[in-house]
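First the structure, in the form of structure tokens, and then the observations on it.
Source: prediction; values computed, not measured. Note: hydrogens, waters and symmetry copies are ignored here, and every other heavy atom, side chains too, is used. In what follows, chains carry the letters A, B, and so on, assigned in the order in which the sequence lines appear, proteins first and then strands, with residues in each chain numbered from 1.
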Amino acid sequence: MAAAIRRFLDSDLWWSFTRSPVTVLSAIVAAMCILGAAFAPWIAPHNPFDLASLNLIDAFKPPAWHEDGAREFLLGTDNQGRDMLSAIMYGARVSLLVGISATAFATLLGVTLGLLAGYVGGTLDSLLMRICDIQLTFPSILVALLVDGVVRAILPREVHAEIALFVVIFAIGISEWPKFARTVRGSTLVERNKEYVQAARVIGVPRARIMVSHVLPNVMGPVLVVATLNLGLAILAEATLSFLGVGVPPTQPSLGTLIRIGNDFLFSGEWWITIFPGLALIAMVLSVNLLGDWLRDALNPKLR
Amino acid sequence: MFAFILSRILQALPVMFTVALISFAMFAYVGDPVAIMLGQDYTQAQRDALVAELGLDQPFWVQFATFVVNAAQGEFGLSYRLSRPVAELIAERAPATLELAFTAAGIALLVGVPMGVYTGLYRNSWLSRFFLTFSLVGVSLPTFLIGILLILVFAVWLGWLPSFGRGDTVRIGFWTTGFLTVSGLKALILPAITLGLFQLTLIMRLVRAEMLEVLRTDYIKFARARGLPNRVVHFGHALKNTLVPVITMVGLQLGAIIAFAIVTETVFQWPGMGLLFIQSVGAADIPVMSAYLLLIALVFVTINLIVDLLYYAVDPRLRIGRGKGGH
């Protein structure tokens with residue numbers, strides 16, 4: 001273990017990481033977002049879902065540094081007297097959960113289909129790539145909206161409310177798999193003609209086994225980069241859907257939901273209900289995007 | 001040339017067919033249109049009459065053929081939510097979306113290209129660094145948040161510009177335009193900036209990357225060696241050669257602009273097709289959704305075709321020796 005850590009600290013990756021202050025800063029911000037979200041139930045100052053602790057007298061309190069603000073509500077409160085900081089931490093939890101799950105779903109689907117298309121080839125390949133082409137003609141947010149709309153129309157209202165979170169994950173995942181499939185297919189086409197694959201084929205390793213344990217590990221590098229860059233997009237897609245009112249249910253508000261709720265109070269001057277969740281969203285997405293950018297450059301030997 | 005256009009159109013057909021099939025499948029199988037149109041109380045006889053009237057008792061392919069024939073004539077039936085012809089609803093809303101989209105694309109081009117050229121030429125100046133950072137923030141900011149921030153600053157705090165609607169519009173034939181009134185133009189500013197900002201940053205980054213690439217080439221060095229003034233080298237030789245990918249991307253991004261208009265129109269309550277679509281998604285109003293889907297597919301396919309043709313017109317290399325490489 002210690003040797004592994006030492007090897008990592010000696011690697012080019014770590015070296016380029018420490019050389020880039022922006023990357024270090026975004027790693028810190030991303031870590032803070034993830035930790036704050038993951039441990040929200042233990043470290044958030046209030047529980048925004050505990051109705052008993054809410055008091056309407058506390059409603060519309062501005063942030064603590066404002067002269068009307070209260071010290072216990074650092075970032076102010078919303079229309080129901082909910083502490084904004086706690087609501088943001090719980091909201092970031094939902095946003096991250098949906099973003100990570102949707103990206104994982106898209107990765108799984110895209111890598112599987114891309115590997116099959118690239119390795120098996122033939123009709124399957126052309127069919128899958130045609131589907132990719134057609135889907136890539138449309139922006140992914142439109143596909144996600146459509147999938148969400150169709151599922152909404154198929155399921156009865158009560159059932160939908162219960163599984164709305166999974167519907168959103170499914171819709172965003174479906175809208176983003178072609179990127180992964182294309183990347184993996186491209187690298188698989190290169191790998192399948194290399195000697196180690198031919199050698200494996202000669203000694204009679206089954207096709208499925210070659211794909212999974214020989215080709216797959218060698219095409220995962222680019223996938224990691226695409227996944228990191230995609231995480232930011234998935235979080236934004238979820239926020240957009242929730243902002244449009246077709247995303248996660250209002251009982252589990254994500255950052256996008258909080259922004260939508262706050263948007264109603266923008267004109268009466270209660271800007272903090274919208275702006276703070278918005279800033280949290282920007283911080284999260286920007287730091288993830290910067291990390292993705294760095295990873296892409298650091299893993300690309302041509303740019304060294 | 002003719003064969004090229006024909007092959008492109010033939011490639012576009014399966015896309016349109018697939019989208020039509022999906023859009024019809026939504027129409028036919030999602031939700032229960034009869035129950036929605038009849039409301040709470042109805043008898044079986046009323047139901048049967050409506051089913052026969054709508055042709056829902058016909059086999060799938062007959063229904064699909066009817067759907068395609070009707071769609072080709074702009075006939076999409078009635079909206080469940082508003083009980084009005086879908087074609088009429090969309091025609092009413094299209095001018096608003098198109099004016100918004102083209103203004104946004106115009107802003108993105110007119111501001112993005114010069115910024116890209118500048119950052120490409122003066123890579124290390126502080127203004128370039130500022131532009132680049134700004135573009136990264138632009139990419140990471142969700143559209144709706146840009147809209148909210150603009151509303152907060154320019155409508156709520158400063159009170160300079162309206163925050164919702166289209167202002168006063170003038171009717172010219174079937175087209176309603178906001179370009180001819182002061183309030184219409186004022187209402188257009190914030191939504192157009194919101195919608196165009198993302199494309200602006202994309203164009204800027206693309207032009208910058210292309211400029212950096214082109215400035216390294218021999219013919220630029222040669223042009224400099226000949227003692228041509230910088231202005232001629234930069235704009236006559238360098239920028240011209242970056243324009244091919246820029247044209248392509250702007251064309252393709254026009255589709256993305258129309259899609260993201262959904263978000264912008266929601267934020268600004270802009271009475272366009274996007275707002276109609278999102279209200280339909282919320283109400284599971286399938287006829288509007290499938291009509292919108294088909295329309296957008298048609299727009300995208302047309303834009304792709306035009307971009308291909310532009311490529312063909314702009315890049316002489318494509319006209320000879322086609323067949324190898326490329327897509």
side-chain contact (heavy atoms from CB on, under 4.5 Å) between Phe277(B) and Leu146(A), intermediate numbers included: CA-CA 10 Å; Phe277(B) 176 69; Leu146(A) 215 69; 3.7 Å; yes

side-chain contact (heavy atoms from CB on, under 4.5 Å) evaluation trace for Ile148(B) with Ile259(A): CA-CA 9 Å; Ile148(B) 290 175; Ile259(A) 295 169; 3.4 Å; yes

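Interface residue Leu142(A): only side-chain heavy atoms are found under 4.5 Å from chain B. For chain B, no part of Leu233(A) is nearby; none of its heavy atoms comes within less than 4.5 Å. The contact between Val19(B) and chain A is made entirely by side chain atoms (from C-beta outward), counting heavy-atom distances below 4.5 Å. Arg130(A) touches chain B through its side chain: at least one heavy atom from C-beta onward sits under 4.5 Å away, while N, CA, C and O do not. Interface remark: Ile235(A) contributes no atoms to any contact with chain B (heavy atom separation under 4.5 Å). Of the atoms belonging to Ile141(A), it is side-chain heavy atoms, and not backbone ones, that fall under 4.5 Å from chain B.
The CZ atom of Phe243(A) sits 10.5 Å away from the CD1 atom of Ile278(B) when rounded to the nearest 0.5 Å. In this structure, CG in Asn263(A) is found 9.5 Å from CZ in Phe144(B), a value given to the nearest 0.5 Å. A distance of 11.0 Å separates CG of Leu244(A) from CD of Gln279(B), quoted to the nearest 0.5 Å. If you take CG on Leu141(B) and CD1 on Ile282(A), they are separated by 4.0 Å, rounding to the nearest 0.5 Å.
At a heavy-atom separation below 4.5 angstrom, chain A is approached by Val267(B) within residues 267-275 of chain B.
The number of heavy atoms from other shown groups lying within 6.0 Å of CZ (Phe64(B)) is above 12.
Taking every heavy atom of both residues into account, Leu145(B) and Gly278(A) meet most closely at CD2-O, 3.4 Å.
Side-chain contact between Leu149(B) and Ile275(A) is present, with heavy atoms from C-beta onward closer than 4.5 Å.
The most heavy-atom pairs under 4.5 Å with chain B, out of Thr274(A), Val285(A), Leu236(A), come from Leu236(A).
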